[in-house]
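Index from 1, following the sequence. Model, not experiment: these values are computed from the prediction. Atoms within each ligand, like the ligands themselves, are counted from 1 in listed order.
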Amino acid sequence: MADVLRVGLAGLGTVGGGVIRVLAANRDLIARRAGRSIEIVAVSARDRNRDRGLDLSGFAWIDDTTALASHPDVDVVVELIGGSDGPALTLARETLAAGKGLVTANKAMIAHHGLELARAAETARAPLAFEAAVAGGIPVIKGLRDGAAANVIERVYGILNGTCNFILSAMEASGRDFGDVLAEAQALGYAEADPAFDIDGIDAAHKLSILASVAFGTQPAFAGVAVQGIREVIAADIAEAAALGYRVRLVGVAEVGAGGLFQRIHPHLVPTGHPLAHVTGALNAVVAHGNFVGPLFFQGAGAGEGPTASAVVADLIDIARGEFGPAYAMPADALDQAPPQDSADRRCRAYLRFTVMDRVGVLAEIATAMRDAGVSIESLIQRGTTASGGAMVAIVTHEGPERAVAAALERLRGSQSVVGQPMWMHILS
Ligand code: NDP
Ligand code: HSE
C-alpha cells in the first residue's frame, strides 16, 4: 500500500470545491484517522480558466476527464461531474476497469448503473463508494450497510431532497412563493444542475432506489419508483395541512415483503408529532426499522458543499484504511430481484384537494363520488372564493384501499364542477 492515497478529482463545482477545502482544512487529522495522507494530485473540469476561488496550482490539470482513470499517479478517482450517463459514466467505467477505486456523489449514475458498476468493482477488486449520493452529509449508507448489517429491514423512508425540503419549509414559515425559494436553494448550491430533477422528485427517487437496495438486499430498481414531486403543492395545501395538524414534506417510502418491492416518492402530510415534521430547511432524514435494532433515525444536512464533501472524504478515508466491502452490503450477484408491488393494492389515508366552481351541488357531487368508490371521508373543509371565483375543498379520508381513492378521482374526471387536477397527498403513518 502506497504511503499516500493519490486522488484524481473530476468536477470542481459545489462538491468538488468542497472536497478540496475539507482535505486542506483537516489534512493532519484526516491523515491520522486514515493512517496515511490523502492527497489530490490531478483535477479536471470543463473550463480550465474559470475562477473558482480555489488554489489549484498544486494539482495537475487534466483536460480529458477520462484520462484520470489511466493517470499513473492516481490511485482513486472522485467523480463529481454529475449526470447518469455521459462523461461521468465513462470515467466511472474506465476507472474500475483500470482496477482503481471510485468515489462518487452521483446518485443519478448509481441509480441507473450502480449494479453494473458494483459488478465491475468486484471483478477488479476495487472499491466503489457512494455515501454522498444519498442524503448528502448523513452517513446513512454506512449506517445501514455496516451498522445495521445484522438486521432484516423491511421499511425505509424519509426526506431525501434538500431543495424540496428547503422550499416546503420556507413556504410554510413565510408563505413565500415557490419560485423565489427555488432561486435561493439554487444560490446555496443545493439544487441539481437541472432543478427539475429536484422539484419533480426524480433526485429523491434516485436516492430511494439506492437506499432500498442497501437496506433490503434487493437489486436497485429505479424504474419501479412511483414519483410525484412538489410542483402542484400550493400555499393553501400547506395552510390546510397545518390546520389539520400536519406538515407537508416530500417523503420517499420503500417497503419489501411478500407483495414485492414498493417504492414511492410523493408529497405527504406528516403528523406534527412525527420526527419528519421537524426536519426543516435543507436537512434530510431517514428512518429504517431493523428486526433487532428497532427504529433508526438519521438526520443531517442533505445537500450543500460542506456536508456533501464530508461524505466524499469519509469514503476516501475508508479506502485509505483498506476498509471497503461490497457497495450494496453484499456481492451484486447475491442481491434479490424483487418484483415491483402495485400501489393500488395498498391501504392509505389520503388528503385530497379540489378547486371547484362555487355553486349548488358541488360538495354533494364530490361526496357521492367518494361514497360510490367506497372512500370514507374523515373531514372535509370548504374555503371561500379563489381569485378565479371558485372555492377550495380539502378532504381527509379514513384509511382504505388506494384503488378506491383512485376510482373516486376517476369518477370526478370531466366533472363540470371541478377545475383543473385534484391534488392527492398521502398521510404518513
Ligand atoms: P456542479 O454543477 O456545481 O459542478 C459540476 C462540475 O462538473 C463542474 O466543475 C463542471 O465543470 C464539471 N463538469 C460538468 N460537465 C463536465 C464534463 N463534460 N467534463 C468535465 N467536467 C465537467 O455540481 P455539484 O458539485 O453540485 O454536484 C456534483 C455531483 O454531486 C452531482 O452528481 C450531484 O448530483 C452530486 N451531489 C450534489 C450535492 C449538492 O448539494 N450540490 C449533494 C449530493 C450530491 P466547470 O466548473 O468547468 O463547468
Ligand atoms: N439536489 C440535491 C438535493 C443535492 O437538493 O437534495 C443533494 O443530493
Between ligand 1 and [X], is the shortest N or O to N or O distance under 3.5 Å?
| X | value |
| --- | --- |
| Gly304 | yes |
| Gly13 | yes |
| Val15 | yes |
| Ser44 | no |

Is a donor from one side chain sitting under 3.5 angstrom from an acceptor on the other, for [X] and [Y]?
| X | Y | result |
| --- | --- | --- |
| Asn151 | His289 | no |
| Ser169 | Thr280 | no |
| His274 | Arg247 | no |

Region of Ala191 that comes within reach of ligand 2 [heavy atoms, distance under 4.0 Å]:
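Within the 4.0 Å criterion, Ala191 contacts ligand 2 through backbone atoms alone.
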
Where on Thr163 is there a heavy atom closer than 4.0 Å to ligand 2, on the side chain, on the backbone, on both, or on neither?
both

Taking only heavy atoms of [X] into account, list the atoms of ligand 2 that are under 4.0 Å away from them.
| X | result |
| --- | --- |
| Asp198 | 1 (N), 2 (C), 3 (C), 5 (O) |
| Tyr190 | 1 (N), 2 (C), 3 (C), 4 (C), 5 (O) |
| Lys207 | 2 (C), 3 (C), 6 (O), 7 (C), 8 (O) |

What atoms of ligand 1 come closer than 4.0 angstrom to any heavy atom of Leu80?
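By the 4.0 Å cutoff, the relevant atoms are 5 (C), 6 (C), 7 (O), 28 (C).
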
Contact with ligand 1 for Gly189, non-hydrogen, under 4.0 angstrom
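Right, Gly189 reaches ligand 1.
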
Residue of the set Arg155, Arg264, Gln341 for which side-chain hydrogen bond (donor to acceptor under 3.5 Å, both in side chains) holds with Glu255:
Arg155

Do any N/O atoms on Ala133 end up under 3.5 angstrom from N/O atoms on ligand 2?
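No.
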
Nitrogen or oxygen of Asn284 less than 3.5 angstrom from that of ligand 2:
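Among all N and O atoms of Asn284, none is under 3.5 Å from an N or O of ligand 2.
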
